[in-house]
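One structure is given below, encoded as structure tokens.
Given the structure is predicted, the values throughout are model-derived calculations rather than measurements. Residue indices begin at 1 and follow the sequence shown.
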Amino acid sequence: MTALRPADAELTGRFIRLTPFREADIPALYRALCRPEVFAGGYGGGPAGLPADASAYEAFARDYYSGGVNAMPYTVRLRGGPDEGRVVGATKLADFDLANESAHIGWTAYDPGVWGSAVNPETKLLLLGLAFDHGFGRVKIQADAGNARSRAAIERLGAQLDGVLRRHKRRADGTWRDSAVYSVIIDDWPAVRAGLEERLAAWGDRPVEVAGRQPQS
């Protein structure tokens with residue numbers, strides 16, 4: 001066994017910072033993520049999981065982004081430009097199986113104002129790099145099999161489809177979802193890393209700004 005759980009520490013890229021999740025982040029996450037279009041794709045159990053208000057989202061986030069020995073939740077913040085430090089999402093590296101050198105990147109959502117930007121590729125570049133640098137050999141990424149947008153984003157990362165788990169998880173409305181399970185293994189990593197770095201280079205030097213943003217207090 002060579003895999004080790006990474007230390008809880010900030011990860012810094014060109015466009016974003018991943019900071020260990022804190023409960024103080026929840027109000028900003030509520031403003032960024034508690035939207036019908038975010039939950040529509042399967043986040044939080046799908047549309048029926050959309051919290052009714054800030055208090056309900058706080059309860060959801062405390063559970064969804066819980067940490068511990070087997071989970072490292074992060075808050076995604078922009079770096080540079082007029083939106084410096086703005087919270088635009090959350091994600092988690094978790095389900096550590098050290099003996100089998102495997103982990104899972106998931107529980108991910110972003111403010112719709114940064115969809116299609118450098119945020120997701122750099123988030124994945126930082127988390128995959130962290131995992132492989134700590135001896136992991138396989139990182140799973142999965143999505144609702146019916147979520148074409150999320151599946152396209154995963155495939156664009158260079159992850160390979162392992163298969164579809166039927167009747168895998170119950171949605172918030174009580175129906176069952178099939179999960180499309182992808183992975184990046186250590187053998188894939190050089191090509192995946194190069195592809196992500198190429199996408200970030202194509203973005204240029206301009207910082208990411210939130211489209212249609214409203215001020216965050």
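- Salt bridge present: Arg62 and Glu23 bring a charged side-chain N and a carboxylate O closer than 4.0 Å.
- Remark: Arg166 fails to qualify as a cation-pi partner of Trp176 under the 6.0 Å distance and 45° angle criteria applied to the six-membered ring.
- No side-chain N or O of Asn100 forms a donor-acceptor pair with one of Ser102 less than 3.5 Å apart.
- Salt bridge Asp25/Arg77: present, at least one basic N to carboxylate O contact under 4.0 Å.
- A 6.0 Å sphere centred on CZ of Arg149 holds more than 12 heavy atoms belonging to other residues, nucleotides or ligands.
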Side chains of residues 187-206: which donor-acceptor pairs under 3.5 Å do they make with residues two or more places apart or in other chains?
residue : atom : partner : partner atom : Å
Asp188  : OD2  : Ile185  : N            : 3.0
Trp203  : NE1  : Arg206  : O            : 3.0
Arg206  : NH1  : Trp203  : O            : 2.2

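- The heavy-atom pair separating Arg79 from Ile16 by the smallest distance is CB-N, 3.8 Å.
- The ring-ring contact (aromatic ring centres under 6.0 Å, His included) search around Tyr43 returns Phe39, Phe60, Tyr64, not counting sequence neighbours.
- We find that Asp8 and Arg5 are joined by a salt bridge, their nearest charged nitrogen and carboxylate oxygen being less than 4.0 Å apart.
- Between the side chains of Ser183 and Gln160, no donor-acceptor pair of N or O atoms lies under 3.5 Å.
- Applying the ring-ring contact (aromatic ring centres under 6.0 Å, His included) test to His134 and every residue at least two apart in sequence or in another chain returns nothing.
- Between Arg151 and Asp144, no side-chain nitrogen of the basic residue sits less than 4.0 Å from a carboxylate oxygen of the acidic one, so the salt-bridge criterion is not met.
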